[in-house]
Amino acid sequence: MARDWAEEHRRSDRLRALLSGTTTFGTEQPAGLVADHNHLTKIISDSLGDADRSRRKRGMLGKTHHEETAKQLAWWPAVALSDDTDGFIPVTALRTTLVEAVLGGLADDIERTGRKNRSRVSLGDIRRDVVKLLDWYILREPAATPSLFGDICLTARLRLGLPPKDVGDLLRHSLHLDSQLDGDTVDALMDLALPPSATRAGDR
């Protein structure tokens, strides 16, 4: 049990490192949070710049250092976007929705093939919009990604009778097709985040 905990802790640390970025303050944070902060900083900085230009046109002297101010103003809104405690986006609800969206697509594939041929079900790619939301979640909650993938694989097995290996291969293939992450990062992510029964080594 202690060995399992140590392995899970090691994998979580590697996932955080894989999907982290450096903020303009020089700290390491989830890549999604860094992207949100940079985006909000630009929006706020542009708005403050517009206000400066407007004041100068009216003959008002002085100019604010709006870029530094924008960094500070943008930080907590960026954090709130991926904070499920009191944030703007219900991250836990999004996670549940992602599980159900992937399972819904799998159920459609089974229905199309026919339940009697379940051992030879041809799984279609996960819809692009669903992959986009998976990206959003993964980049902001890297440590929670193994739990998300584990729930998808386990529920697909219990509810639909699909082997975890097939579901893991589908997740990997769909992310390669439509994720904003590059191929090497996707492979490293899947190797760390998929449950053992859903990885390529799981059948060995």
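Every heavy atom of this structure was used, including side-chain atoms; hydrogens, water molecules and symmetry mates were not.
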Measure across [X] and [Y] and return the closest heavy-atom pair with its distance rounded to 0.1 Å.
{"X": "Pro146", "Y": "Pro142", "value": "CD-O, 3.7 Å"}
{"X": "Glu67", "Y": "Ser45", "value": "CG-OG, 3.6 Å"}
{"X": "Leu189", "Y": "Leu15", "value": "CD1-CD2, 3.5 Å"}
{"X": "Phe88", "Y": "Pro77", "value": "CE1-O, 4.2 Å"}
{"X": "Ala107", "Y": "Leu160", "value": "N-CD1, 3.9 Å"}
{"X": "Ala193", "Y": "Phe149", "value": "CB-CD1, 3.7 Å"}

Before you tell me yes or no, could you show the steps for Ile89 and Asp83 under side chain to side chain contact (heavy atoms under 4.5 Å, CB included), namely the whole-Å CA-CA distance, both residues' side-chain angles and the distance that decides it to 0.1 Å?
CA-CA 8 Å; Ile89 296 172; Asp83 177 15; over 6 Å; no
[X]: partners by side chain to side chain contact (heavy atoms under 4.5 Å, CB included), with sequence neighbours left out:
{"X": "Ala101", "answer": "Val130"}
{"X": "Asp182", "answer": "Asp184, Thr185"}
{"X": "Ser20", "answer": "Glu28"}
{"X": "Leu154", "answer": "Leu158"}

Applying salt bridge (charged side-chain N to carboxylate O under 4.0 Å, His left out), which residue pairs with at least one partner in residues 133-157 are found, sequence neighbours left out?
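Residue pairs with at least one partner in residues 133-157: Asp36-Arg140, Arg95-Asp151.
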Working note: Leu162 + Ile110, criterion side chain to side chain contact (heavy atoms under 4.5 Å, CB included); need CA distance, chi angles, decisive distance, verdict.
CA-CA 9 Å; Leu162 293 172; Ile110 290 174; 4.0 Å; yes
Measuring from [X]:[atom1] to [Y]:[atom2], what's the distance to the nearest 0.5 Å?
{"X": "Arg127", "Y": "Leu134", "atom1": "CZ", "atom2": "CG", "result": "13.0 Å"}
{"X": "Leu148", "Y": "Ile138", "atom1": "CG", "atom2": "CD1", "result": "7.0 Å"}
{"X": "Leu170", "Y": "Leu106", "atom1": "CG", "atom2": "CG", "result": "6.0 Å"}
{"X": "Asn38", "Y": "Leu33", "atom1": "CG", "atom2": "CG", "result": "9.5 Å"}
{"X": "Arg16", "Y": "Leu192", "atom1": "CZ", "atom2": "CG", "result": "12.0 Å"}
{"X": "Arg172", "Y": "Ser179", "atom1": "CZ", "atom2": "OG", "result": "12.5 Å"}

Hey, are the side chains of Thr41 and Trp75 touching, using non-hydrogen atoms and a 4.5 Å cut-off?
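With C-beta onward as the side chain, the pair stays apart.
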Do His173 and Leu177 come within less than 4.5 Å of each other through their side chains, counting heavy atoms only?
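Yes, side chains in contact.
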Evaluate side chain to side chain contact (heavy atoms under 4.5 Å, CB included) for Trp136 paired with Ser82, printing each intermediate quantity in order.
CA-CA 9 Å; Trp136 190 96; Ser82 53; 4.2 Å; yes
When you measure from the side chain of [X] to the backbone of [Y], do you find a donor-acceptor pair of N or O atoms at a distance under 3.5 Å?
{"X": "Thr155", "Y": "Ile152", "result": "no"}
{"X": "Asp109", "Y": "Gly124", "result": "yes"}
{"X": "His37", "Y": "Thr23", "result": "no"}
{"X": "Thr22", "Y": "Gly26", "result": "no"}

Within the supplied structure, the quantity of interest is the number of heavy atoms (other residues, nucleotides, ligands) at a distance under 6.0 Å from Phe25 CZ; does it exceed 12?
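Enclosed: over 12 neighbouring heavy atoms sit under 6.0 Å from CZ of Phe25.
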Taking it one step at a time, do Arg112 and Asp108 satisfy salt bridge (charged side-chain N to carboxylate O under 4.0 Å, His left out)?
CA-CA 6 Å; Arg112 186 187 67 250; Asp108 288 345; over 6 Å; no
Partner set under salt bridge (charged side-chain N to carboxylate O under 4.0 Å, His left out) for Lys132, not counting sequence neighbours
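For Lys132, no residue satisfies salt bridge (charged side-chain N to carboxylate O under 4.0 Å, His left out) once neighbours in sequence are set aside.
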Only one of Thr145, Asp169, Leu171 passes side-chain contact (heavy atoms from CB on, under 4.5 Å) with Met190; say which it is.
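One option only clears the test, and that one is Leu171.
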Treat each ILVMFWY residue as a node, draw an edge where side-chain heavy atoms are under 4.5 Å apart, and state whether Val167 and Leu103 are in one component.
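Per the 4.5 Å side-chain linkage, Val167 and Leu103 are co-clustered.
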Consider only side-chain heavy atoms of I, L, V, M, F, W and Y, link residues closer than 4.5 Å, and tell whether Leu19 and Val34 are in one cluster.
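They do not share one cluster, since no chain of ILVMFWY contacts under 4.5 Å joins Leu19 to Val34.
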Check step by step if side chain to side chain contact (heavy atoms under 4.5 Å, CB included) holds for Ile44 and Leu48.
CA-CA 6 Å; Ile44 294 171; Leu48 293 174; 4.0 Å; yes
